[in-house]
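Report on one structure; see the data block that follows.
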Amino acid sequence: MGGGINGAGIARDAAGRGLSVVLCEKDDLGAHTSSASSKLIHGGLRYLEHYEFSLVRKALREREVLLRSAPHIIWPLRFVMPHDAGQRPAWLIRAGLWLYDRLARREFLPGSESLKLEGHPAGEALKPEFRRGFAYSDAWVDDARLVVLCAMDARERGATILTRTLCGPLRREGDFWHARLLHDDGRRTDVRARCLVNAAGPWAESVRQMATGVPADHALRLVKGSHIVVPKLFDHPFAYIFQHRDKRIVFALPYETDFTLIGTTDVDFSGSPDAVAIGEAETAYLCDVASHYFSKAVTPVDVTWSYSGVRPIVDDHAADPAQATRDFRFDYDDAGAPLLTVWGGKITTFRKLAEEAVARIAPALGNTRGPWTAGAVLPGGDLFGADPSSRGVLEYGEWLRGMRLRYPFLPLDVFRRYGRAYGTRMTRVLEHCKSMADMGPEIVPGLYAAEVYYLTTQEWATTAQDILWRRSKLALHAPPGSEGILAAWLANH
C-alpha cells in the first residue's frame with residue numbers, strides 16, 4: 001500500500017527478486033510527499049550538525065548509486081554557500097565540508113572548495129557584502145519521475161501497479177491478508193496476499209491501525225515542507241545553500257530554465273495530508289531568506305507557484321522539526337500473516353530502504369534471492385547499456401548529441417525535455433514518428449499527442465494534472481487555461 005517513492009521502490013525490489021507483487025495507490029503515483037521534495041539527491045550536510053553521521057554516510061553512498069542508475073533524471077549540481085560573518089564560523093564550515101567529502105566515496109562529483117565570490121558567476125546575484133563562500137557538490141533529481149520509473153521497472157518485472165485505487169477493508173486470516181480494492185471507476189478487486197507492506201507515508205499510522213486495530217509503537221511526526229517558485233534570480237548553473245540566521249537551511253535552485261526554486265520550511269502539521277498547502281507565514285519566511293542574500297528582493301507577489309508536502313518523520317521528540325531525524329525504521333508484525341510498516345525515510349535513501357524492507361519480509365515468503373538494485377539501471381537510464389558501472393551521468397551530453405542525429409525534426413526545447421524525462425525511452429515515445437506530422441496535434445504548447453499517448457498507456461497518467469505537473473512541469477510554461485484544454489482533449493480521446 002502506497003505509491004510514493006518508498007512503495008514504488010519496494011515493489012520494484014520485490015518483483016525483481018521473483019515475488020508476486022500488487023501495489024495499490026489511492027491517487028496518482030507520487031502525488032503527495034514524493035513529488036513535493038526539494039528535488040535533491042544529497043547526503044544532508046545539515047545533518048552533520050546533529051551528529052547523524054550514519055545517515056549522512058548512507059545517503060552519500062546512495063547518491064553515487066543513483067547517479068549511475070538514472071543519469072537522465074539525476075545529475076550533478078554544484079552548490080555555493082555564501083558565508084555570513086554573523087553566523088557559523090568559516091573554520092567550522094570548512095571542517096563540515098571536509099567531513100562531507102570523505103564520509104563516502106565520490107566517483108562523479110568534485111570536492112568542496114573555498115570561494116571568493118567577487119568575480120565568481122554565483123557572486124553576481126548576491127548582495128555585495130557576501131564576499132566569501134564555499135562550494136560543494138550534490139545532485140538534482142526529478143522526484144515525481146523517479147517514482148514513475150520505479151513503478152515501471154516493477155511492472156516490467158511482473159508487478160501489478162494499481163493507481164487511483166483505494167484499499168478498502170483489510171482482514172488477516174491465518175497466513176493471508178485479504179483486501180478489497182476499490183477502483184475509481186467503480187470496479188472492485190479482491191486480493192489475497194501472504195504479506196502486507198504498509199508504505200503509506202503520512203497515512204502509515206492510520207493504515208496500520210486499520211489493519212490491526214492496534215496503535216503503532218512508533219509515533220509519526222508530520223512535518224510540512226513548502227517551496228516557492230519565482231522568476232529566475234540568476235542565470236548560471238550553480239545552486240545556493242543559505243544558512244540563515246535562525247540556523248535553518250534554505251536552498252535556491254535553478255529550476256525549469258526560467259525559474260528559481262526556493263525552499264524548504266519545516267512546520268509541524270496536523271490535519272489531512274490530502275489538504276496540505278503553503279501558509280502565508282511560510283511564503284513570507286522564504287521570501288525573507290532569499291531577500292537577505294540576493295541583491296534583488298523577493299516578495300510574495302513574485303511567487304509564480306508553490307507546493308507543499310507532508311514528511312512522515314519518526315518522532316524522536318526533537319524540539320525543532322528541522323532537527324528531527326530523517327532516517328527510516330520498520331515495524332514488523334508477524335502475529336499471523338506478516339505486516340511490515342515503513343516509518344520515515346528520505347528520497348535519497350529510498351533504494352536502500354526498499355532493499356532492507358524486502359530482506360525483512362523475504363524469509364517469511366520463502367524467498368532466498370539477494371539484493372540486486374545497486375547494480376541495475378532504471379528505465380531510460382541505460383544510455384550506454386544496462387551496466388551502470390560503464391558510462392552514464394558524465395557522458396549524458398555525448399549521448400544526447402547522438403540522439404539529436406536520430407530526431408532532427410523535433411524542436412530543440414522539446415527534444416531536450418524528452419532526453420531528460422525519458423532517456424533511452426524517448427525511442428518509445430517517438431516509436432512511429434519520423435516527422436512533426438507524425439507527432440499528432442500540439443494540444444498545448446510543447447505537448448504533442450504522441451507524448452500524451454505514451455504517458456496514458458505506459459505511465460499511468462489519467463488527468464491533465466498528472467501530465468502537466470508530475471510527468472512534466474509544462475504547466476509552469478503553458479498559457480492560462482492549458483490544463484482545461486488538455487482535460488477536454490483527454491476526455492474526447
Side-chain angles (χ1 to χ4, degrees), residues 28-40 72-75 77 125 140-148 225-240 250-265 276-278 282-283 286-287 290 294 296 298-309 347 410-422 426 429 442-448 451-452 454-455 459 461-490:
D28 183 28
L29 293 169
H32 299 285
T33 306
S34 295
S35 60
S37 76
S38 295
K39 325 297 183 192
L40 298 178
H72 54 315
I73 63 163
I74 302 174
W75 60 87
L77 186 59
W140 168 269
V141 64
D142 186 330
D143 52 5
R145 291 210 57 76
L146 183 63
V147 179
V148 171
S226 298
H227 297 75
I228 58 173
V229 174
V230 300
K232 67 180 178 181
L233 300 168
F234 48 88
D235 196 16
H236 57 69
F238 298 94
Y240 295 92
V250 172
F251 297 107
L253 312 171
Y255 192 58
E256 286 292 309
T257 306
D258 300 324
F259 301 95
T260 298
L261 174 64
I262 302 171
T264 180
T265 58
V276 61
I278 193 170
E282 290 175 282
T283 299
L286 294 174
C287 289
F294 288 117
K296 180 182 179 181
V298 179
T299 67
V301 297
D302 298 319
V303 176
T304 302
W305 179 51
S306 64
Y307 63 88
S308 301
I347 198 164
L410 282 176
L412 188 57
D413 57 341
V414 174
F415 171 75
R416 287 173 174 165
R417 183 173 66 81
Y418 281 12
R420 278 301 184 194
Y422 305 112
M426 69 188 295
V429 179
E442 187 177 22
I443 305 165
V444 300
L447 181 69
Y448 294 86
E451 183 181 11
V452 173
Y454 175 83
L455 292 173
E459 292 198 5
T462 62
T463 71
Q465 191 173 68
D466 295 347
I467 293 170
L468 294 178
W469 286 113
R470 282 183 287 277
R471 304 303 184 279
S472 74
K473 292 295 181 289
L474 283 172
L476 278 172
H477 308 278
S482 294
E483 195 167 325
I485 292 170
L486 177 55
W489 194 93
L490 288 169

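Any value given below was found using the heavy atoms of this structure, including those in side chains, with hydrogens, waters and symmetry copies removed.
- The shortest side-chain heavy-atom distance between Trp140 and Ile73 does not fall under the 4.5 Å cut-off.
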Criterion side chain to side chain contact (heavy atoms under 4.5 Å, CB included) on Arg417 and Ser472, from CA distance to verdict:
CA-CA 9 Å; Arg417 183 173 66 81; Ser472 74; 3.9 Å; yes

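- Between Ile228 and Cys287, the closest side-chain pair of non-hydrogen atoms falls below 4.5 Å.
- Heavy-atom minimum distance, Arg471 versus Val148: NE-CG2, 3.7 Å.
- For Phe259 and His477, the ring centers sit closer than 6.0 Å to each other.
- Residues Arg145 and Glu459 are paired through a salt bridge, judged by an N-O separation under 4.0 Å between the basic side chain and the carboxylate.
- Taking each heavy atom of Ser226 and Ser308 in turn, the nearest pair found is OG-OG, 2.7 Å.
- Across every non-hydrogen atom of Ser34 and Val147, the tightest pair is CB-CG2, 3.8 Å.
- With values rounded to the nearest 0.5 angstrom, Leu146 atom CG is found 11.5 Å from Ser35 atom OG.
- Atom CG in Leu261 sits 11.5 Å away from atom OG1 in Thr304 (nearest 0.5 Å).
- Ring-plane geometry between Phe234 and Phe294 is classed as parallel, the angle between the planes falling under 30 degrees on a 0 to 90 degree scale with a further cut at 60.
- The aromatic rings of Tyr418 and Tyr422 sit perpendicular, their planes meeting at an angle over 60°, well past the 30° parallel limit.
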Trace of the side chain to side chain donor-acceptor pair (under 3.5 Å) decision for Ser37 with Asp143:
CA-CA 7 Å; Ser37 76; Asp143 52 5; 2.7 Å; yes

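- A side-chain contact (heavy atoms from CB on, under 4.5 Å) with Tyr255 is found for exactly one of Lys473, Lys232, His227, namely Lys473.
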Using side chain to side chain contact (heavy atoms under 4.5 Å, CB included), reason through Trp75 and Val141 one step at a time and then give a plain yes or no.
CA-CA 7 Å; Trp75 60 87; Val141 64; over 6 Å; no

Begin from the C-alpha positions of Ile262 and Leu233 and carry the test side chain to side chain contact (heavy atoms under 4.5 Å, CB included) through to its verdict.
CA-CA 11 Å; Ile262 302 171; Leu233 300 168; 4.2 Å; yes

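- The CG atom of Leu490 lies 8.0 Å from the OG1 atom of Thr463; values are rounded to the nearest 0.5 Å.
- The minimum heavy-atom distance linking Tyr240 with Ala125 is given by the pair OH-CB, 3.8 Å.
- The closest side-chain heavy-atom distance from Thr462 to Ile467 is not below 4.5 Å.
- Atom OG1 of Thr260 is separated from atom CG of Asp235 by 9.5 Å, given to the nearest 0.5 angstrom.
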Given side chain to side chain contact (heavy atoms under 4.5 Å, CB included), test Phe251 with Thr264 step by step and report yes or no.
CA-CA 7 Å; Phe251 297 107; Thr264 180; 5.9 Å; no

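- The minimum heavy-atom distance linking Pro479 with Ser482 is given by the pair O-OG, 2.7 Å.
- Within the model, atoms CG of Leu474 and CG of Leu468 stand 6.0 Å from one another, a figure rounded to the nearest 0.5 Å.
- Residues Trp305 and Val230 have side chains not in contact (no heavy-atom distance under 4.5 Å, counting atoms from C-beta outward).
- One finds a salt bridge joining Asp28 and Arg470 here, because a Lys/Arg side-chain nitrogen approaches an Asp/Glu carboxylate oxygen to under 4.0 Å.
- Contact between Leu476 and Glu256 at its shortest, heavy atoms only, is CD1-CG, 4.0 Å.
- Side chain of Gln465 to backbone of Trp469: no donor-acceptor contact under 3.5 angstrom is found.
- Contact annotation: the side chain of Leu77 approaches that of Leu40 to within less than 4.5 Å [non-hydrogen atoms, C-beta and beyond].
- Both tests hold for Lys39 against Tyr307: distance to the six-membered ring centre under 6.0 Å, angle to the ring axis within 45°.
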